[in-house]
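Quick caveat, the model's predicted, so the values are computed rather than measured.
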Amino acid sequence: MIELIKSWRCFDGEQRVYRYDSKATGTPMEFAVFLPRRALNGEECPTLMFLSGLTCTWENMVSKAGSQRAAAELGMIIVAPDTSPRGEEVADDDGWDMGKSAGFYLNATQEPWAKHYRMEEYITQELPEILEEYFPVDLSVLGLTGHSMGGHGALTLAIKNPGLFKSVSAFAPIVNPMNCPWGEKAFSGYLGADRSSWAQYDACELIRARGWKGRILIDQGSADDFLEEQLKPWVFEKACREEGVDLTLRMHGGYDHSYYCIASFMPDHIAWHYDELV
């Protein structure tokens, strides 16, 4: 049973936030849903899930991304889950780049993380079932996008689950976490020292192993402070080119890693997913 904890009227639809007890993570989990008027009237709508980045919750996307107007105009449902399990009993790290707010959308195998950090299962299995049960969501028209760590999650989970996610895009994604400081720290902790187990959560390795039959859209700011050390979109671009994957990588001069960049191009992504899904 899900519990409605917040609701706001918005662009003739409703922005809502729900909480429920997750079996995947073993903790209460919150997620936000924007329902356009068509959905409020019970009509099934194409749905886009947005995965947020390090330090974020559902609230960053809902309050800063400016997604509701474009979603309302097209009649799309927007879902924004949290970035990690939470609670006093949940393991955490002293840094901001691992632990709570930094689940990396994987299933952890190492202690003390393995008990609750099962974000891959949560995003790809449990949450879609919740959406289909409680909302006018047609899982045959479900897309996935995300920012930074969430962009990593969007790319990897879509590539691994093409039967679930029919479209994928990203904002400033971590595309090669096996070879950047954020990913190396998180993967060492969550997955252990065996780097061969990391490849299942690396977009570059996955695109080489599995490919992607559709198109991919990535927007990246050229003034992003994390571009050179953490993000490296050109590595993913090279892998896509070698595998014949249709990637559009748009570099934007002067834009950084913030939600100012996301808000600037979010309407483009919503329209792009709508065209892919409908």
Inset, instruction - Indicate yes or no for a side-chain donor-acceptor contact from Asp202 to the backbone of Glu205 under 3.5 Å, with no hydrogens or angles considered. - result: yes

Inset, instruction - Could you state whether Leu164 and Leu127 fall into the same hydrophobic cluster, counting links through intermediate Ile, Leu, Val, Met, Phe, Trp or Tyr residues with side-chain heavy atoms under 4.5 angstrom apart? - result: yes

Legend entry - Inter-residue atom distance Gln125.CD - Arg118.CZ, 0.5 Å rounding: 8.5 Å

Inset, instruction - Please round to the nearest 0.5 Å and tell me the distance separating atom CZ of Arg241 and atom CH2 of Trp234. - result: 13.5 Å

Legend entry - Pair listing, salt bridge (Lys or Arg N to Asp or Glu O under 4.0 Å) test, anchored in residues 25-50, at least two apart: Asp12-Arg37, Arg19-Glu30, Arg38-Glu43

Inset, instruction - Determine yes or no for a side-chain-to-main-chain donor-acceptor pair under 3.5 angstrom, with Tyr105 supplying the side chain and Thr83 the backbone. - result: no

Legend entry - Flag side-chain contact, heavy atom, 4.5 Å: Cys10 against Phe34: yes

Inset, instruction - Could you pull out the closest heavy-atom pair between Tyr190 and Ala102, with the gap in Å? - result: OH-O, 2.7 Å

Inset, instruction - Please determine if Lys115 and Glu89 form a salt bridge, counting it only when a charged side-chain N lies under 4.0 Å from a carboxylate O. - result: no

Inset, instruction - Taking all heavy atoms of Met98 and all of Asp92, pick out the closest pair and write down the distance. - result: O-OD1, 3.9 Å

Inset, instruction - Enter the distance from His152:NE2 to Leu157:CG here, rounded to the nearest 0.5 Å. - result: 7.0 Å

Inset, instruction - Verify whether one side chain among His273 and Ser169 offers a donor that lies under 3.5 Å from an acceptor in the other. - result: yes

Inset, instruction - Would you please say whether a donor-acceptor pair under 3.5 Å links the side chains of Gln220 and Tyr255? - result: no

Inset, instruction - Kindly determine whether Asp138 and Thr47 satisfy side-chain contact (heavy atoms from CB on, under 4.5 Å), including the steps that lead there. - result: CA-CA 8 Å; Asp138 179 356; Thr47 301; over 6 Å; no

Inset, instruction - Scan side-chain atoms only and decide if Ser7 and Gln15 contain a donor-acceptor pair under the 3.5 Å cut-off. - result: no

Legend entry - Ring-face cation of Lys23 near Tyr122 (centre distance under 6.0 Å, axis angle within 45°): no

Legend entry - Identified side-chain contact (heavy atoms from CB on, under 4.5 Å) partner of His269 from the options Leu48, Ile218, Ile262, Thr145: Thr145

Inset, instruction - Go through the steps to decide whether Gln110 and Phe187 satisfy the test side-chain contact (heavy atoms from CB on, under 4.5 Å), and finish with yes or no. - result: CA-CA 10 Å; Gln110 304 299 303; Phe187 286 6; over 6 Å; no

Legend entry - Sub-4.5 Å side-chain heavy-atom contact between Lys160 and Leu206: yes

Inset, instruction - Give a yes or no on this: more than 12 heavy atoms of other residues, nucleotides or ligands lie within 6.0 Å of atom OH of Tyr260. - result: no

Inset, instruction - Report yes if some heavy atom in the side chain of Arg208 is under 4.5 Å from a heavy atom in the side chain of Cys204; otherwise report no. - result: yes

Inset, instruction - Could you list the residues that satisfy side-chain contact (heavy atoms from CB on, under 4.5 Å) with Ser84, not counting sequence neighbours? - result: Arg86, Lys100, Tyr117

Inset, instruction - Nearest 0.5 Å please: distance from the CZ atom of Phe104 over to the CE atom of Met119. - result: 12.0 Å

Inset, instruction - Group every Ile, Leu, Val, Met, Phe, Trp and Tyr by side-chain heavy-atom contacts under 4.5 Å, then state whether Val33 and Trp8 land in the same group. - result: no

Legend entry - Contact check, side chains of Met266 and Phe171, non-hydrogen atoms, under 4.5 Å: yes

Inset, instruction - Please report the shortest heavy-atom distance between Leu227 and Pro233, naming the atom on each side. - result: CD1-CD, 3.5 Å

Legend entry - Close side-chain approach of Ser101 to Leu54, heavy-atom, < 4.5 Å: no

Inset, instruction - Check Asp21 against Pro28 and note the closest heavy-atom contact, atom names and distance. - result: OD1-CG, 3.8 Å

Inset, instruction - Look at the side chain of Asn161 and the backbone N and O of Gly163, then say whether any donor-acceptor pair between them is shorter than 3.5 Å. - result: no

Inset, instruction - Considering only NZ, NE, NH1 and NH2 on the basic side and carboxylate oxygens on the acidic side, decide whether Lys232 and Glu228 come within less than 4.0 Å. - result: no

Inset, instruction - Determine the minimum heavy-atom distance between Cys45 and Val141, stating which atoms define it. - result: O-CG2, 4.4 Å

Legend entry - Beyond-backbone contact of Gln68 with Val62, side-chain heavy atoms, under 4.5 angstrom: yes

Legend entry - Separation between SG of Cys261 and NE2 of His252, rounded to the nearest 0.5 Å: 6.5 Å

Inset, instruction - Keeping the roles fixed (side chain from Gln200, backbone from Ser197), state whether a donor-acceptor pair exists under 3.5 Å. - result: yes

Legend entry - Same apolar cluster: Val235 and Leu155, side chain cutoff 4.5 Å: yes

Inset, instruction - Group every Ile, Leu, Val, Met, Phe, Trp and Tyr by side-chain heavy-atom contacts under 4.5 Å, then state whether Trp198 and Trp113 land in the same group. - result: yes

Inset, instruction - Decide if the gap between the ring center of Phe31 and the ring center of Trp58 is smaller than 6.0 angstrom. - result: no

Legend entry - Trp182 side chain to Ile174 backbone, donor-acceptor under 3.5 Å: no

Legend entry - Check against salt bridge (Lys or Arg N to Asp or Glu O under 4.0 Å), Arg215 and Glu276: CA-CA 8 Å; Arg215 300 185 296 157; Glu276 290 286 291; 2.5 Å; yes

Inset, instruction - Sort out for me which residue in Ser148, Pro173, Pro81 forms a side-chain contact (heavy atoms from CB on, under 4.5 Å) with Leu51. - result: Pro81

Legend entry - Phe50-His147 aromatic ring centre distance below 6.0 Å: no

Legend entry - Side chain Asn60, main chain Cys56, donor-acceptor under 3.5 Å: no

Legend entry - Residues Asn179, Arg195; criterion side-chain contact (heavy atoms from CB on, under 4.5 Å); working and verdict: CA-CA 10 Å; Asn179 295 298; Arg195 292 179 66 93; 3.4 Å; yes

Inset, instruction - Would you check if Trp212 and Ile216 make a side-chain contact, meaning some heavy-atom pair closer than 4.5 Å? - result: yes

Legend entry - Trp272: hydrophobic cluster co-members (side-chain, 4.5 Å): Leu217

Legend entry - From CZ (Arg9) to CG (Leu40), nearest 0.5 Å: 6.0 Å

Legend entry - Side chain proximity check, Ile78 to Met61, heavy atoms < 4.5 angstrom: yes

Inset, instruction - Assert yes or no for the condition that the ring centre distance of Tyr18 to Phe135 is strictly below 6.0 Å. - result: yes

Legend entry - Donor-acceptor side-chain pairing of Thr25 and His116 below 3.5 angstrom: no

Inset, instruction - Without swapping roles, check the side chain of Glu126 against the backbone of Ala24 for a donor-acceptor pair under 3.5 Å. - result: yes

Inset, instruction - Carefully, step by step, assess Asp268 and Arg250 under the rule side-chain contact (heavy atoms from CB on, under 4.5 Å). - result: CA-CA 12 Å; Asp268 291 357; Arg250 306 194 304 185; 3.0 Å; yes

Legend entry - Over all atoms of both residues, closest heavy-atom pair of Ser52 and Thr57: OG-O, 3.5 Å

Legend entry - Same apolar cluster (I L V M F W Y, side chains within < 4.5 Å links), Met149/Phe226: yes

Inset, instruction - Please check if any side-chain donor atom of Asp225 sits under 3.5 Å from a side-chain acceptor atom of His257, or the reverse. - result: no

